[in-house]
Amino acid sequence: MVFPQVWCRVSADDGAAGAQSDEFLQTEFEGVIRGKQVVMADIGSTLPRRQVGRYLRELRQGAGLTIAELARRIERGATTVQRLETGTAERIRLWDIDAICRVCGADDTTSNALKGLAQQGNTKSWWHQYGDLIPLDFDVYMGLEAGARKLTSFQELVHGMLQIPDYARTLTRIVHPSEPDSEIARRVELRWRRQIMLTKKNDPLPIDVILDESVLHRVIGNRRIMEAQLRHLADIGTRPNIDIRVLPFGAGVPLGDLTGPFTILDFVNPVSAGPVEPPVVYAEGFIGDMYFEEPDVVQQFREAHANLRRVALTAQDSRQLLREKAREFAR
């Protein structure tokens, strides 16, 4: 199976007509990442607009305002605000983002992040480069994950939703070596709190994760942390909404190529038959993240996961292997 190479060229018209500050201020870039050309077609992505809408709605609700009240305060129509929140606006004016953030009391990081998201709405496969338009300390994926109804994933480290605090803290400290302990603690706490989505009593989030066997051998932190992490995976994997399987070394390279870690996020309302919004594939990278929305590309990743699942251990055998490796780390 051939997977998309890297992956996107961001290109958009500069709408800066004189003093019209509410127009898009867009950028165009083309580069080489890890030795591969960055190219793509100029077809608009709805993902950044949907993310902007999700955060704007949360801001408004947090401020205790109705759509009509917010519209009146920023001197815009209620329909405009509603379209912004639902991600259906054809164009997002940066002036509107500024005004809403100001009225709702958003901090500078959130305000700048939302403007950065708004400026990235014209790509078919959306590339979020760390520290480009979006601040480093604004987690785009976490907001997307919060709206998902199912996660399907292949991982070469423990998935963030399944990490124990010590495992998460070790990785977070490596990624952010200069951050103060208080900031590391905040990030770990935020990640840990996300797991309530998996364990809540009503309508817990389904997650289907395949772990490369290297996850069970690669020491993160120390042996004590690895023992606890693997036992946690074995225990939490007994929940009916959580399916954890190990892809053993003996399976070789089932797809004939390496996909790297990826997560498919589905936004399907379980109560109704229709999708709330189209699925997205999230591929995490060293210097940035990739988001795929094209149906054909999403289907490629679904087929890849299904093929990996066919040669992975069963859920029961995976739990047994996890417990065996945990005992080895305990010695």
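On a predicted model such as this, the values are computed, not experimentally measured, just so you know.
- More than 12 heavy-atom neighbours from other residues, nucleotides or ligands sit within 6.0 angstrom of CD on Glu227.
- Leu247 has its side chain within reach of Pro254: a pair of non-hydrogen atoms, C-beta onward, lies under 4.5 Å apart.
- The two residues Leu151 and Ala148 have their closest heavy-atom pair at CD2-CB, 3.9 Å.
- Leu70 pairs with exactly one of Leu56, Leu65, Leu84 by the side-chain contact (heavy atoms from CB on, under 4.5 Å) rule, that one being Leu65.
- The minimum heavy-atom distance between Pro248 and Glu213, with the atom names listed, is CA-OE1, 3.2 Å.
- At least one side-chain heavy atom of Leu230 sits under 4.5 Å from a side-chain heavy atom of Leu233.
- Taking OG from Ser318 and CZ from Arg245, the interatomic distance works out to 7.0 Å, rounded to the nearest 0.5 Å.
- Between Arg327 and Arg231 the shortest side-chain heavy-atom distance falls below 4.5 Å.
- Scanning all heavy atoms of the two residues, the minimum distance from Arg223 to Glu328 falls at NH2-O, 2.7 Å.
- Not a single donor-acceptor pair under 3.5 Å links the side chain of Asp243 to the backbone N or O of Ala315.
- Panel note: side chain Asp266, backbone Arg149; no donor-acceptor pair is recorded below 3.5 Å.
- Grouping the Ile, Leu, Val, Met, Phe, Trp and Tyr side chains by contacts below 4.5 angstrom, directly or via other members, places Tyr167 apart from Trp192.
- Side-chain contact check for Glu69 versus Arg60: every heavy-atom pair is 4.5 Å or farther apart.
- The hydrophobic clustering, which links ILVMFWY residues whose side-chain heavy atoms are closer than 4.5 Å, places Val298 and Leu308 together.
- Looking at Asp181 and Arg173, a side-chain N of the basic residue comes within less than 4.0 Å of a carboxylate O on the acidic one, giving a salt bridge.
- Here the straight-line distance linking atom CD of Gln299 with atom CD1 of Ile264 works out to 8.5 Å at 0.5 Å rounding.
- The 12-atom threshold is exceeded at CZ of Arg323, counting heavy atoms of other residues, nucleotides or ligands nearer than 6.0 Å.
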Please lay out, stage by stage, how Glu189 and Arg186 fare under the test salt bridge (charged side-chain N to carboxylate O under 4.0 Å, His left out). CA-CA 5 Å; Glu189 174 65 18; Arg186 185 192 70 82; over 6 Å; no

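- In the hydrophobic clustering of this structure, Ile207 groups with Leu265; members are Ile, Leu, Val, Met, Phe, Trp, Tyr whose side-chain heavy atoms approach within less than 4.5 Å, directly or through other members.
- Note that NZ of Lys115 and CG of Asp96 are 12.5 Å apart. Values are rounded to the nearest 0.5 Å.
- Two residues are said to be in side-chain contact when any heavy atoms from C-beta on lie closer than 4.5 Å; Val281 and Gln300 fail this criterion.
- Both Val219 and Val246 sit in one connected hydrophobic cluster of ILVMFWY residues. Membership requires side-chain heavy atoms under 4.5 Å apart, directly or through other members.
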Run the side chain to side chain contact (heavy atoms under 4.5 Å, CB included) check on Thr263 and Glu145 step by step: do they pass? CA-CA 10 Å; Thr263 298; Glu145 187 182 71; over 6 Å; no

Determine whether Leu198 and Arg239 satisfy the following criterion, side chain to side chain contact (heavy atoms under 4.5 Å, CB included), listing intermediate values before the conclusion. CA-CA 9 Å; Leu198 301 178; Arg239 291 179 172 270; 5.9 Å; no

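- Put simply, Ile225 and Ile236 are part of the same group of oily side chains (I, L, V, M, F, W, Y) that touch within less than 4.5 Å, one to the next.
- Heavy-atom contacts from other residues, nucleotides or ligands closer than 6.0 Å to CD of Glu324 number more than 12.
- Paired with Gln163 under the rule side-chain hydrogen bond (donor to acceptor under 3.5 Å, both in side chains), one option of Gln195, Arg169, Arg191 passes, and it is Arg191.
- Looking at every heavy atom in both residues, Leu162 comes nearest to His232 through O-CD2, 3.2 Å.
- Between the side chains of Thr110 and Asp107, at least one donor-acceptor pair of N or O atoms lies under 3.5 Å.
- Summarising the local packing, CZ of Arg57 is surrounded by more than 12 heavy atoms from other residues, nucleotides or ligands at distances under 6.0 Å.
- In this structure, the side chains of Thr259 and His305 stay at 4.5 Å or more apart for every pair of heavy atoms.
- Within the model, atoms CD of Gln61 and CD of Glu85 stand 7.0 Å from one another, a figure rounded to the nearest 0.5 Å.
- Contact annotation: the side chain of Gln155 never approaches that of Ile244 to less than 4.5 Å [non-hydrogen atoms, C-beta and beyond].
- Of the possible donor and acceptor atoms, none in the side chain of Arg73 sits under 3.5 Å from a partner among the backbone N and O of Val103.
- Of all heavy-atom pairs spanning Thr170 and Gly221, the tightest one is CG2-N, 3.5 Å.
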The test is side chain to side chain contact (heavy atoms under 4.5 Å, CB included); show your working for Arg93 and Thr80 and say whether it passes. CA-CA 11 Å; Arg93 292 178 167 84; Thr80 297; over 6 Å; no

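- The shortest distance between side-chain heavy atoms of Asp98 and Ser111 falls below 4.5 Å.
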Full working for side chain to side chain contact (heavy atoms under 4.5 Å, CB included) between Glu183 and His176: CA-CA 9 Å; Glu183 176 59 19; His176 304 281; over 6 Å; no

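- The CG atom of Leu313 lies 10.5 Å from the CD1 atom of Ile210; values are rounded to the nearest 0.5 Å.
- Applying ring-ring contact (aromatic ring centres under 6.0 Å, His included) to Tyr282 and the options Phe262, Tyr291, Phe292 leaves one that passes, Tyr291.
- Remark: Ile220 CD1 to Ile164 CD1 distance equals 11.0 Å, nearest 0.5 Å.
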